[in-house]
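Please read the structure below before turning to the comments.
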Amino acid sequence: METIFTKILKGEIPSVKLHEDELCFAILDINPVNKGHLLLITNEPYPDLQSCPDEVLTHLIRLAKLADAKLRDHLHCDATNLVVNNGRESGQEVPHFHLHVIPRWKGDHKNIQPSKETYTDGQMAEYGKQLEF
Ligand code: AMP
């Protein structure tokens with residue numbers, strides 16, 4: 001399957017590439033939440049989390065740690081958000097698995113937290129029972 005990211009990997013669409021190896025690559029996001037926002041992308045176009053092999057996921061999270069260190073060292077950010085939109089209804093625009101690493105600064109006023117709900121009495125325990133793994 002071809003996606004915008006496979007085209008970027010092949011060099012058919014320009015990008016600012018930060019890393020490339022046998023499993024994953026990294027580019028700057030073209031519409032960053034903050035400047036330096038990067039994407040870690042699997043070379044194979046796995047559409048979502050469940051289809052991505054564990055070995056690739058492990059590699060991706062290791063790269064996220066390196067990217068986090070780079071952002072802290074070079075952009076002096078105070079924190080990072082690691083975000084995966086997993087499925088269209090979660091906001092995933094590109095059906096090719098990727099992890100956002102977003103540099104954050106104290107007082108940057110970026111609101112990327114979803115609104116929250118509250119449980120009614122006993123509901124939290126019910127959900128807990130169903131979701132044990
Ligand atoms: P998601 O909503 O998690 O699928 O995120 C897709 C991300 O890809 C968005 O943040 C876009 O800004 C980014 N994006 C789309 N096209 C490009 C491109 N050509 N180069 C870099 N980033 C892109």
Side-chain angles (χ1 to χ4, degrees):
M1 197 183 77
E2 201 160 72
T3 69
I4 193 158
F5 293 154
T6 59
K7 289 183 186 163
I8 286 175
L9 183 59
K10 284 189 276 181
E12 293 169 10
I13 293 178
S15 70
V16 176
K17 224 169 248 169
L18 308 173
H19 176 89
E20 214 171 343
D21 65 44
E22 66 289 353
L23 296 177
C24 301
F25 66 105
I27 59 171
L28 286 180
D29 193 303
I30 202 165
N31 288 129
V33 171
N34 274 325
K35 288 172 190 164
H37 174 172
L38 61 93
L39 301 173
L40 297 170
I41 306 167
T42 57
N43 290 350
E44 285 296 316
Y46 308 113
D48 56 20
L49 179 67
Q50 291 300 332
S51 56
C52 186
D54 289 354
E55 175 206 5
V56 182
L57 287 173
T58 303
H59 188 61
L60 210 66
I61 203 73
R62 286 200 170 126
L63 289 178
K65 191 175 177 185
L66 292 179
D68 171 80
K70 200 82 185 178
L71 291 169
R72 288 171 192 269
D73 285 353
H74 290 266
L75 300 185
H76 308 293
C77 63
D78 301 309
T80 57
N81 287 105
L82 307 188
V83 176
V84 173
N85 296 320
N86 184 35
R88 196 166 26 163
E89 296 74 9
S90 72
Q92 186 180 5
E93 289 167 8
V94 181
H96 179 155
F97 191 68
H98 57 281
L99 172 67
H100 297 253
V101 187
I102 304 168
R104 299 296 305 274
W105 285 269
K106 187 175 178 202
D108 67 11
H109 302 298
K110 303 291 166 157
N111 188 4
I112 64 169
Q113 313 289 357
S115 62
K116 303 214 172 161
E117 298 216 14
T118 17
Y119 288 109
T120 55
D121 276 355
Q123 225 181 12
M124 194 168 169
E126 268 314 304
Y127 273 77
K129 265 187 237 149
Q130 289 178 57
L131 297 177
E132 272 176 18
F133 57 91

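Values reported hereafter were calculated over all heavy atoms of this structure, with side chains retained and with hydrogens, waters and symmetry mates removed. First listed ligand is number 1; within each ligand, the first listed atom is number 1.
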Between L9 and F25, which heavy-atom pair has the shortest distance, and what is it? CD1-CD2, 3.6 Å

Nearest non-hydrogen partners of L60 and C24, listed with the distance: CD1-SG, 3.4 Å

Surrounding NZ of K10 (heavy atoms of other residues, nucleotides or ligands, distance under 6.0 Å), is the total greater than 12? yes

Other residues, nucleotides, ligands: >12 heavy atoms within 6.0 Å of K65 NZ: no

For M1, is the CE atom crowded, meaning more than 12 foreign heavy atoms sit under 6.0 Å from it? yes

How would you list, by chain and number, every residue that makes a side-chain contact (heavy atoms from CB on, under 4.5 Å) with N31, sequence neighbours excluded? D29

For ligand 1, would you mind listing the residues that have at least one heavy atom less than 4.0 Å away, ordered by chain and number? I4, F5, I8, I27, L28, D29, I30, N31, L39, N85, G91, Q92, E93, V94, H98, H100

